[in-house]
Student: 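Take a look at this one; I'll ask things after.
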Amino acid sequence: MALVHIDGDDLVVVIEGLDKLWAFKSSLTIPLANVRGATADPGIAADPKGIRAPGAHLPGVITAGTFHLDGEKVFWDIKDPSKAVVIELADERYARLVLQVDNPRETVTLVENALR
């Protein structure tokens, strides 16, 4: 699972527990100027992931790490699709972040309010 918070002009994502190992990341810091928005999307777990490099993917168990699909990099850290949030980015290493959070609605509201 991931913790998402705002620190000044940055969106900070902290990867928790063993997900750090599977995702090959412990945190991500993205300038808010490069965040386009966030949505809760429990259906995204069924979408194609692309080529994993590096990361872990055990269908129905965990998807974590960097995935390459259609010329884009997407960062995944998800076990429970019902708690999925997608954060769209521009001019960043990743085109989007697909994260499992404790409260998807609260996270979307946090991101959207920070962008106003």
Side-chain angles (χ1 to χ4, degrees):
M1 188 160 59
L3 297 175
V4 178
H5 66 275
I6 305 299
D7 184 10
D9 290 334
D10 293 325
L11 173 84
V12 179
V13 178
V14 178
I15 309 302
E16 293 188 305
L18 287 176
D19 288 13
K20 290 183 227 181
L21 175 67
W22 310 127
F24 289 87
K25 291 248 182 263
S26 59
S27 67
L28 296 160
T29 301
I30 309 290
L32 284 172
N34 295 347
V35 177
R36 291 191 291 162
T39 56
D41 188 353
I44 196 157
D47 286 1
K49 310 300 184 278
I51 298 171
R52 176 185 69 228
H57 179 61
L58 295 168
V61 178
I62 188 169
T63 303
T66 300
F67 289 76
H68 304 263
L69 181 65
D70 298 330
E72 293 183 333
K73 286 184 185 179
V74 179
F75 180 81
W76 288 77
D77 182 26
I78 190 166
K79 294 179 195 166
D80 180 356
S82 70
K83 295 184 176 188
V85 168
V86 179
I87 301 174
E88 296 287 340
L89 306 174
D91 302 321
E92 282 293 325
R93 176 177 180 206
Y94 296 106
R96 74 190 57 80
L97 309 175
V98 182
L99 307 169
Q100 176 180 328
V101 296
D102 190 41
N103 187 329
R105 288 183 186 163
E106 186 177 292
T107 301
V108 169
T109 300
L110 173 76
V111 172
E112 293 297 323
N113 287 342
L115 295 178
R116 292 185 189 156

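Keep in mind the model is a prediction, meaning the values are calculated, not measured.
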Student: Drop me the distance from D10's CG to H5's NE2, to the nearest 0.5 angstrom.
Tutor: 9.0 Å
Student: Looking at side-chain heavy atoms only, is the closest gap between I44 and P81 below 4.5 Å?
Tutor: no
Student: On a heavy-atom basis, which atom in A40 and which in V108 lie closest, and how many Å separate them?
Tutor: N-CG2, 3.5 Å
Student: State, to 0.1 Å, how close A95 and E72 come at their nearest heavy-atom pair, and which atoms those are.
Tutor: CB-CD, 3.7 Å
Student: Establish whether V101 and I6 are linked, either directly or via other cluster members, by ILVMFWY side-chain heavy-atom contacts under 4.5 Å.
Tutor: yes
Student: Heavy atoms, side chains only, cut-off 4.5 Å: are V13 and L3 in contact?
Tutor: no
Student: Given the rule in the side chain to side chain contact (heavy atoms under 4.5 Å, CB included) test, do V85 and V4 qualify, once you have shown the distances and angles that lead to the verdict?
Tutor: CA-CA 10 Å; V85 168; V4 178; over 6 Å; no
Student: Would you say the side-chain atoms of E88 pair up with the backbone N or O of R36, donor to acceptor, closer than 3.5 Å?
Tutor: no
Student: Working to the nearest 0.5 Å, report the span between CG of L97 and CD1 of I30.
Tutor: 5.5 Å
Student: Checking A56 now: which residues fulfil side chain to side chain contact (heavy atoms under 4.5 Å, CB included) with it, not counting sequence neighbours?
Tutor: W22
Student: Rounded to the nearest 0.5 Å, what separates atom CG in D9 from atom CG in N34?
Tutor: 11.5 Å
Student: Any idea which heavy atoms bring G37 and V111 closest together, and the distance?
Tutor: C-CG1, 4.5 Å
Student: Is it the case that one hydrophobic cluster holds both F67 and Y94, taking links as side-chain heavy atoms less than 4.5 Å apart, direct or via other members?
Tutor: no
Student: If you group Ile, Leu, Val, Met, Phe, Trp and Tyr by side-chain heavy-atom gaps below 4.5 Å, do W76 and I15 land in one group?
Tutor: no
Student: Once you round to the nearest 0.5 Å, how far does CG of N103 lie from OG1 of T109?
Tutor: 8.5 Å
Student: With clusters defined by side-chain heavy atoms of hydrophobic residues (ILVMFWY) lying less than 4.5 Å apart, directly or transitively, does L11 cluster with V14?
Tutor: no
Student: In this structure, are over 12 heavy atoms from other groups packed under 6.0 Å from N113 atom CG?
Tutor: yes
Student: For a side chain to side chain contact (heavy atoms under 4.5 Å, CB included) check, start with the C-alpha distance between V35 and L89, then their side-chain angles and the critical distance, and finish with the verdict.
Tutor: CA-CA 5 Å; V35 177; L89 306 174; 3.9 Å; yes
Student: Do any N or O atoms from the side chain of D80 and from the backbone of S82 form a donor-acceptor pair under 3.5 angstrom?
Tutor: yes
Student: Are the side chain of D19 and the backbone of M1 linked by a donor-acceptor contact shorter than 3.5 Å?
Tutor: yes
Student: Can you confirm whether more than 12 heavy atoms, excluding those of E106, are under 6.0 Å from its CD atom?
Tutor: no
Student: Is L32 reachable from I87 through a run of hydrophobic residues whose side-chain heavy atoms are each under 4.5 Å from the next?
Tutor: yes
Student: Hey, does D102 have a side-chain heavy atom less than 4.5 Å from the side chain of K83?
Tutor: yes
Student: For the CD atom of Q100 and the CD1 atom of I62, what is their distance to the nearest 0.5 Å?
Tutor: 8.5 Å
Student: Can you name the closest pair of heavy atoms from E92 and P31 and give their distance?
Tutor: OE2-CD, 3.3 Å
Student: Would you say that more than 12 heavy atoms from the other residues, nucleotides or ligands in this model lie under 6.0 Å from the CG of L58, or not?
Tutor: yes
